[in-house]
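Heavy-atom basis, side chains included; hydrogens, waters and symmetry copies ignored. Predicted, not measured: the structure shown is a model, and the values here were computed from it.
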Amino acid sequence: KAVQDCTPEQKQTIEGPLKSLQRDSMLAHPALKFDKLLFLTQIHRSVSIYTGHLRNDNPGGNLCVLSPVSPDGIVTKLVPELDGGVFGRFDLSFDATKVVFCYAKDGGSYRIYEIDIDPKTGLRVGGLRQLTVDGADEAETIQRYKGSTCGRGYDDMDPCYMPNDKIMFSS
């Protein structure tokens with residue numbers, strides 16, 4: 001008998017074990033065997049992914065690591081000195097020794113930052129480096145377009161590591 005021809009009770013009897021089997025087989029994959037999880041916490045800023053970066057006035061959140069990956073795992077903030085700002089996307093280097101991310105403070109523009117981490121523990125081992133800065137032409141743009149969305153300056157966002165260890169981002 002096909003599943004679509006079953007009663008709701010019969011479907012529940014069949015689908016429950018099938019979903020468990022599917023979940024268990026997926027989680028058994030070697031690529032999903034990890035004990036640390038790198039993630040961002042942040043306050044929801046916007047209903048649109050396209051304009052969310054324009055509303056960085058809801059500060060809060062951090063770049064964190066959960067270890068071990070379990071309900072009783074410990075969450076550690078990797079850049080506690082940046083509490084009170086707004087984090088954007090991040091990327092982990094191919095060798096898992098660095099994390100690059102975008103961050104805005106005090107309602108300002110997003111800039112690109114990088115930290116070193118220990119690939120074994122996932123914890124920060126190096127200083128915080130700001131990779132992009134305000135430019136002279138940016139000050140002119142802010143003055144020229146004051147009061148509009150362009151009048152807030154440039155945002156350096158969505159960084160990602162390239163295979164040659166260089167960083168690509170949008171601005």
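Here the straight-line distance linking atom SG of C64 with atom NZ of K77 works out to 7.0 Å at 0.5 Å rounding.
Inter-residue side-chain proximity for L38 and L78 is flagged as met; some heavy-atom pair is nearer than 4.5 Å. Annotation: side chain of D35 is not in contact with side chain of V69 (no heavy-atom distance under 4.5 Å). No side-chain heavy atom of I112 sits less than 4.5 Å from a side-chain heavy atom of Q130. Proximity of V65 to V75: side-chain heavy atoms (C-beta onward) are nowhere separated by under 4.5 Å. Inter-residue side-chain proximity for Q10 and P8 is flagged as unmet; no heavy-atom pair is nearer than 4.5 Å.
Using a 4.0 Å cut-off between charged side-chain N and carboxylate O, D165 and K98 make a salt bridge.
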Working note: S171 + D156, criterion side chain to side chain donor-acceptor pair (under 3.5 Å); need CA distance, chi angles, decisive distance, verdict. CA-CA 4 Å; S171 184; D156 300 329; 2.6 Å; yes
Determine, step by step, whether Y161 and E114 satisfy the side chain to side chain donor-acceptor pair (under 3.5 Å) criterion, reporting the C-alpha distance in whole Å, the side-chain angles of both residues, the deciding distance to 0.1 Å, and the verdict. CA-CA 11 Å; Y161 286 104; E114 185 179 52; 2.6 Å; yes
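Both L92 and Y103 belong to a single network of hydrophobic side chains, linked directly or stepwise wherever heavy atoms of I, L, V, M, F, W or Y lie under 4.5 Å apart. Note on I115: it clusters hydrophobically with L40, by side-chain heavy-atom contacts below 4.5 Å among ILVMFWY residues.
In this structure, F87 has its ring center under 6.0 Å from that of F101.
Nearest heavy-atom pair across G73 and L66 is C-CD1, 3.6 Å. In plain terms, the two heavy atoms of T97 and S93 that are nearest each other are N-OG, 3.1 Å.
Distance alone, capped at 3.5 Å, is enough to place a donor-acceptor pair between the R124 side chain and the G126 backbone.
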